[in-house]
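In what follows, every chain begins at residue 1, and chains take the letters A, B, ... in the order their sequences are listed. Computation of the quantities below employed the complete heavy-atom set of this structure, encompassing side-chain atoms and omitting hydrogens, waters and symmetry-equivalent molecules.
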There are 2 protein chains.
Amino acid sequence: MTDDDAVFKALADPTRRYLLDRLYERDGRTLTELESELEMTRFGVMKHLRVLEDAGLVVTRRAGREKQHFLNPVPIRLVHDRWIDKYTEHRVAALSDLKKRLEESA
Amino acid sequence: MTDDDAVFKALADPTRRYLLDRLYERDGRTLTELESELEMTRFGVMKHLRVLEDAGLVVTRRAGREKQHFLNPVPIRLVHDRWIDKYTEHRVAALSDLKKRLEESA
DNA sequence: TTGACATGTGACCGTTTGGTCACCTATGAT
DNA sequence: ATCATAGGTGACCAAACGGTCACATGTCAA
């Protein structure tokens, strides 16, 4: 499995994207805390976090018997840079902003 | 299936990412042309292009009996914007540039 | 040191996914 | 008109994936 393959596979599951959303909102959450926000057993959440960590999208730190999780945005930026060069970025970013503003006002 | 779900599922397969790479390099390629660049039957390639098109990552135009394929970068920018806000973008972009320069010089 | 809590492992199973094939439709050239 | 070419559909099968459970390890508090 290539390096970027792990990133895309990790992003493919909605539960894992939800976990990234939670960490984007606030870093340092533990497994137990994340589990309480999902309709899933602890084992399922643990598996998903493992996939995210292997992909480098989440980095962790042990604190006693707890394990804190942090979002790492670099792999996501690399996805962006693979298909959007600097010259088209401004134009595409403008479209993206427009789309988000339209959805917020809807 | 939510809208963005289709995008992430589409990006999860290496063959589909390779197809996006080919279209990033040059737009307007036809099914037959793309097939010739892959170790796969036409049916497999067609299925993959269908997934990319349903996700909005590829847009098409018929020209006679041919069908031309074009890369649409907007959904990819939206992925970026979901987890990278404007304030951290500059820092992350710098890291991404550094990583790519290191790989190119290696 | 005993017990409760936070996290970790391996096996298991139904569902989804990637890829192929037989067969079909439509367009262009001769 | 005829034939090759470009693209399209539905069924099928092996492999990968999401989720659960029984069981296990390590850490904090009383």
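Under the 4.5 Å side-chain criterion, counting only non-hydrogen atoms from C-beta, L20(A) is in contact with V58(A). In this structure, the side chains of R42(A) and L31(A) come closer than 4.5 Å at one or more pairs of heavy atoms.
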Any chance you could lay out the salt bridge (Lys or Arg N to Asp or Glu O under 4.0 Å) test for R50(B) and D54(B), step after step, and finish with the verdict? CA-CA 6 Å; R50(B) 172 72 189 277; D54(B) 287 348; 3.2 Å; yes
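Mapping E39(A) and A63(A) onto DNA chain D by nearest heavy atom places E39(A) at the nucleotide closer to the 5' end. With DNA chain D read from its 5' end, the first of the two nearest nucleotides for R16(A) and G64(A) is the one closest to R16(A).
H48(B) has no side-chain polar atom (N or O) that falls below the 4.0 Å cut-off from OP1 or OP2 of dT17(C). Between T41(B) and dG19(C) there is no side-chain N or O to OP1 or OP2 distance below 4.0 Å.
Here dA16(D) presents its P atom at 12 Å from CG of D5(A), a figure rounded to the nearest Å. Across the protein-nucleic acid pair, L49(A) atom CG and dG8(C) atom C1' stand 12 Å apart, rounded to whole Å. Nucleotide dT20(D) holds its C1' atom 11 Å from the CE atom of M40(A), rounded to whole Å. Across the protein-nucleic acid pair, Y18(A) atom OH and dG18(D) atom C1' stand 18 Å apart, rounded to whole Å. Distance NZ (K9(B)) to P (dT15(C)): 16 Å, rounded to an integer number of Å. Between the CD atom of E53(A) and the C1' atom of dT7(C) there is a distance of 12 Å, rounded to whole Å. As a whole-Å value, the separation of D13(B) CG from dA15(D) P is 17 Å. To the nearest angstrom, P of dA6(C) lies 10 Å from CD of E35(A).
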A correct 5'-to-3' footprint of nucleotides 3-9 of chain D, with B, S and - meaning base, sugar-phosphate only and no protein heavy atom under 4.0 Å, is -BBSBBB
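Looking at residues two or more places apart in sequence or on another chain, you find no ring pair (Phe, Tyr, Trp, His ring centres under 6.0 Å) involving H69(A).
Between R29(B) and the choices E35(B), E37(B), E66(B), the side-chain hydrogen bond (donor to acceptor under 3.5 Å, both in side chains) rule is met once, by E37(B).
By the rule that hydrophobic residues join a cluster once side-chain heavy atoms approach within less than 4.5 Å of another member, F70(A) and L52(A) end up as members of separate clusters.
Using a 4.0 Å heavy-atom cutoff across all strands shown, G44(A) reaches at least one base atom of the nucleic acid.
Once rounded to the nearest 0.5 Å, the distance linking OH of Y18(A) with CG of L34(A) reads 9.0 Å.
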